2 protein chains.
Amino acid sequence: MKLAEETTETIKHDILDKAFLRFGRYGFGKTTMAEIAKDCDMSAGNLYRYFENKKEIAAGCAQRCMQQKLELVREIIRDTSLTPDKKLQRFAMDVLEYMHQQFSSEPALMELVDFVSRERWDIVIHYMEQEKSLLTEILSEGNRSGQFNVSNVLETAKWIQASLIKFIAPRYMDAFSLEELQKEAKGVTALLTAGLKK
Amino acid sequence: MKLAEETTETIKHDILDKAFLRFGRYGFGKTTMAEIAKDCDMSAGNLYRYFENKKEIAAGCAQRCMQQKLELVREIIRDTSLTPDKKLQRFAMDVLEYMHQQFSSEPALMELVDFVSRERWDIVIHYMEQEKSLLTEILSEGNRSGQFNVSNVLETAKWIQASLIKFIAPRYMDAFSLEELQKEAKGVTALLTAGLKK
DNA sequence: ATAATAAATATTTAATAATATATTCATTAT
DNA sequence: ATAATGAATATATTATTAAATATTTATTAT
């Protein structure tokens with residue numbers, strides 16, 4: 001990567017950082033390009049050298065947020081001290097805690113969710129595909145170690161993803177308490193892993 | 001029940017019928033009290049003898065819709081030809097089909113969902129409690145017949161409910177196709193019942 | 001040549017007025 | 001006495017305008 005490219009990426013990164021903070025605190029609508037620009041010590045016009053428009057900045061924030069969720073999962077997969085069934089449980093618990101944390105500390109973030117749901121569902125689909133792929137890794141590991149007996153790893157991953165949606169998706173984060181959701185997540189994963197075992 | 005009371009109930013019932021049709025086709029916002037009244041062959045003012053206001057009519061519609069979902073489940077429970085695990089699967093499949101049917105034929109209905117989510121979450125909680133209670137019945141039956149081995153029936157019912165939320169709640173009905181959701185529902189219930197068995 | 005700015009323009013949002021609708025109530029019919 | 005109406009009033013929607021903000025572009029600096 002050339003120096004110019006690198007600084008461009010760094011600046012983009014900084015813009016998303018600053019924008020995400022504002023979107024979280026004041027919401028998408030109440031955040032102005034001028035404000036984001038000032039946070040980044042540049043003019044509003046200059047933002048357009050890095051992002052096509054305000055919605056693309058919001059999309060970038062959402063994508064990064066989802067990438068962070070995925071990174072959380074990759075860390076769990078890497079952790080060799082965890083058995084596959086523990087990895088599945090940690091998947092639900094860690095993602096849930098991350099999501100609930102985000103939405104309880106920054107309720108205005110729900111505006112970003114609404115935007116993505118309405119206008120950038122493609123981002124959600126892409127995230128879900130990647131997440132599903134990570135789930136297949138956990139299942140395959142379980143198959144190899146003999147702990148699981150899953151014939152169709154890809155399909156099963158989709159089912160697990162569907163059954164954990166309450167703890168992964170933003171929709172119910174503000175409707176239920178973290179404690180309540182955590183108890184449920186633990187129960188659901190226990191039930192699921194029981195069904196996966198030999 | 002006295003005759004007067006009975007006709008009052010009949011009229012209320014008719015109002016909800018007519019209102020629900022309009023909410024479904026034109027949405028809550030675009031439906032006027034005058035229109036509902038005309039559908040019922042009465043004046044707008046007279047509606048207030050039966051419902052406190054427009055929101056109460058909407059709440060009544062939502063409640064009735066949820067009661068119908070519950071009735072669906074009660075039918076499944078009554079069906080003696082089904083084993084408990086089949087009942088669980090039918091629970092997911094029948095409710096999913098009912099919901100998807102509703103929201104694909106009447107997309108404006110989502111407005112009613114938004115209203116209930118925002119202002120009458122208590123109705124949702126009440127529905128979920130009843131639904132959970134019906135799930136415990138299925139689990140208990142499974143325990144009695146020896147097909148299931150569930151130690152805490154009430155907690156487990158909550159977990160099953162949480163894991164099937166994608167197929168029961170309205171939120172994702174317009175984001176995924178019925179076929180896709182049906183495949184997933186089948187997979188999830190299969191996974192869950194495997195975990196419940198002795 | 002690249003990066004940034006700041007002024008110009010297009011678009012969106014906010015404020016207001018105008019209209020439509022929800023709700024109440026005095027009156028009439030059953 | 002109960003049920004229903006339709007006019008009166010309060011509330012909420014919609015249309016219109018004014019103001020703010022997003023986006024583009026001509027210009028300047030590096």
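Given the structure is predicted, the values throughout are model-derived calculations rather than measurements. Below, chain A is the first sequence line, B the second, and so on; all start at residue 1.
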Trainee: Rounded to the nearest Å, what distance is computed from the CE atom of residue B:M42 to the C1' atom of nucleotide C:dT23?
Mentor: 16 Å
Trainee: Do B:N143 side-chain atoms and B:V150 backbone N/O form a donor-acceptor pair below 3.5 Å?
Mentor: yes
Trainee: Once you round it to whole Å, what is the distance between P of C:dT12 and CZ of A:F115?
Mentor: 13 Å
Trainee: Expressed in angstrom and rounded to an integer, what is the separation of A:K38 atom NZ from C:dT5 atom C1'?
Mentor: 17 Å
Trainee: Tell me whether B:K166 forms a cation-pi arrangement with B:F176, defined as NZ or CZ under 6.0 Å from the six-membered ring centre and within 45 degrees of its axis.
Mentor: yes
Trainee: What heavy-atom pair brings A:A92 and A:A185 nearest, and what distance separates the two atoms?
Mentor: CB-CB, 4.5 Å
Trainee: Summarise how protein sits on nucleotides 17-27 of chain D as a single string, 5' to 3': B when a protein heavy atom is under 4.0 Å from the base, S for sugar-phosphate-only contact, - for no contact.
Mentor: ----SSBB---
Trainee: If we ignore angles and hydrogens, is there a donor and acceptor under 3.5 Å between the side chains of A:Q130 and A:Q67?
Mentor: yes
Trainee: Looking at B:F148, does the NZ or CZ of B:K197 lie under 6.0 angstrom from its six-membered ring centre and within 45 degrees of the ring axis?
Mentor: no
Trainee: What is the distance from CZ of B:R49 to P of C:dT30, rounded to the nearest Å?
Mentor: 15 Å
Trainee: Verify whether one side chain among A:Q68 and A:Y98 offers a donor that lies under 3.5 Å from an acceptor in the other.
Mentor: yes
Trainee: Please determine whether side chain to side chain donor-acceptor pair (under 3.5 Å) holds for the pair B:E52 and B:Y48, giving the CA-CA distance in whole Å, both sets of side-chain angles, and the decisive distance to 0.1 Å.
Mentor: CA-CA 6 Å; B:E52 213 174 312; B:Y48 292 85; over 6 Å; no
Trainee: Under the 6.0 Å and 45° cation-pi test, does B:K86 pair with B:F91?
Mentor: no
Trainee: Just how far, in rounded Å, is C1' of C:dA3 from CZ of A:F51?
Mentor: 17 Å
Trainee: Compare the minimum distances between each of D:dT2, C:dA4, C:dA14 and the side chain of A:K30, then state the nucleotide with the smallest one.
Mentor: C:dA14
Trainee: Atom CG of A:D14 and atom C1' of C:dA3: how far apart are they, to the nearest Å?
Mentor: 16 Å
Trainee: Kindly say if B:Y50 contacts the phosphate of D:dA3, meaning a side-chain N or O under 4.0 Å from OP1 or OP2.
Mentor: no
Trainee: In whole Å, I'd like the distance from the CG atom of A:D41 to the P atom of C:dA4.
Mentor: 12 Å
Trainee: Please round to 10 degrees the angle between the axis of the first five pairs and the axis of the last five pairs in the helix from C:dA1-D:dT30 to C:dT30-D:dA1.
Mentor: 30°
Trainee: Hydrophobic clusters here meaning ILVMFWY residues chained together by side-chain heavy-atom distances under 4.5 Å, can you tell me if B:I123 and B:V113 are in one?
Mentor: yes
Trainee: Nearest whole angstrom, please: distance from the C1' of D:dA4 to the NZ of B:K12.
Mentor: 17 Å
